[in-house]
Amino acid sequence: VKFSDNPGRDVSQLMVDTIRKNGYQGGIEIYFYELPKSSLPSSASPDTDRYYGTAIRLTRTYDAGFAKNFGASTWPVSSTLASVSHAYSDGKIWRPTGNSNGRYTSTSGNTIIYEQISMDKYPNELIEKLKLK
């Protein structure tokens, strides 16, 4: 990711490939957000530091069982995990020219679909980790 031209896509593809190789067949959403230079922590330098966060949400749909009595035929269950990475350099750090922030979705197989999203669409777990709240 540190030297990728499209770090959001690359980290998302790596995550999807790994999860699928381990037999998971449910829905996968990966959120990627790199802090702009103006939002770096006060201890960081825009010349030597990059911070980016990822959140992965896995979702599977199950037979609703008892909830069928209340009109639900299926029951979606999801779990989200967020983390922040800090890339740094002793010299000037490399930055991609474009923005790959957004949501990357895989409904089946290893194909991912990118969508640029607004901040209110990111999971709270990621917003809190990036200290944007």
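Start at 1 with the first residue, then count along the sequence.
Put simply, OG on S100 and CD on Q116 are 10.0 Å apart, with the number rounded to the nearest 0.5 Å. Distance check, rounded to the nearest 0.5 Å: OG1 of T107 to CD1 of I113 gives 6.0 Å. The structure places OG of S106 at 10.5 Å from CD of E29, a figure rounded to the nearest 0.5 Å. K2 NZ to S89 OG: the interatomic distance, rounded to the nearest 0.5 Å, is 5.5 Å. From Q13, atom CD reaches atom OG of S4 across 11.5 Å, with rounding to the nearest 0.5 Å. With rounding to the nearest 0.5 Å, the separation of CG in N22 from CZ in R20 is 11.5 Å.
With a 4.5 Å cut-off on side-chain heavy atoms, T18 and L14 count as touching. Between Y88 and T48 the shortest side-chain heavy-atom distance does not fall below 4.5 Å. Residues P7 and R50 are in side-chain contact: their nearest non-hydrogen atoms beyond the backbone lie under 4.5 Å apart. Counting heavy atoms from C-beta outward, D47 and K92 have side chains that approach closer than 4.5 Å. Contact of the K121 side chain with the Y31 side chain is not registered, since no non-hydrogen atoms from C-beta on lie closer than 4.5 Å. Side chains of Y122 and L130 form no contact here, defined as non-hydrogen atoms less than 4.5 Å apart.
The existence of a salt bridge linking E34 and R95 is confirmed by a sub-4.0 Å separation between a basic side-chain nitrogen and an acidic carboxylate oxygen.
Residues K129 and A82 come closest through the heavy atom pair CE-O, 3.4 Å. R57 approaches P123 most closely through the heavy-atom pair NH2-CB, 3.5 Å. Closest approach of L126 to A55, counting heavy atoms only: CB-CB, 3.9 Å. The shortest non-hydrogen separation linking P96 to D5 is CB-O, 3.6 Å. The two atoms that bring A87 and I93 nearest to each other are O-CD1, 3.4 Å, heavy atoms only.
With sequence neighbours excluded, the residues forming a ring pair (Phe, Tyr, Trp, His ring centres under 6.0 Å) with W75 are F66, listed by chain and number. Scored by the ring pair (Phe, Tyr, Trp, His ring centres under 6.0 Å) test, Y62 finds no partners at all (sequence neighbours excluded).
Checked by atom type and distance alone, the side chain of T74 never pairs as donor or acceptor with a backbone atom of D63 at under 3.5 Å.
With hydrophobic clusters built from ILVMFWY side chains whose heavy atoms lie under 4.5 angstrom apart, F3 does not share a cluster with L35. In terms of hydrophobic clustering, with Ile, Leu, Val, Met, Phe, Trp and Tyr side chains grouped at heavy-atom distances under 4.5 Å, V84 and I127 are assigned to a common cluster.
Crowding of D90 atom CG: a count of heavy atoms from other residues, nucleotides or ligands under 6.0 Å not exceeding 12.
Cluster partners of I19, by chain and number: V1, V11, M15, V16, Y24, I28, I30, F32, Y52, I56, L58, L81, Y104, I112, Y114. The rule joins Ile, Leu, Val, Met, Phe, Trp and Tyr whenever side-chain heavy atoms lie under 4.5 Å apart.
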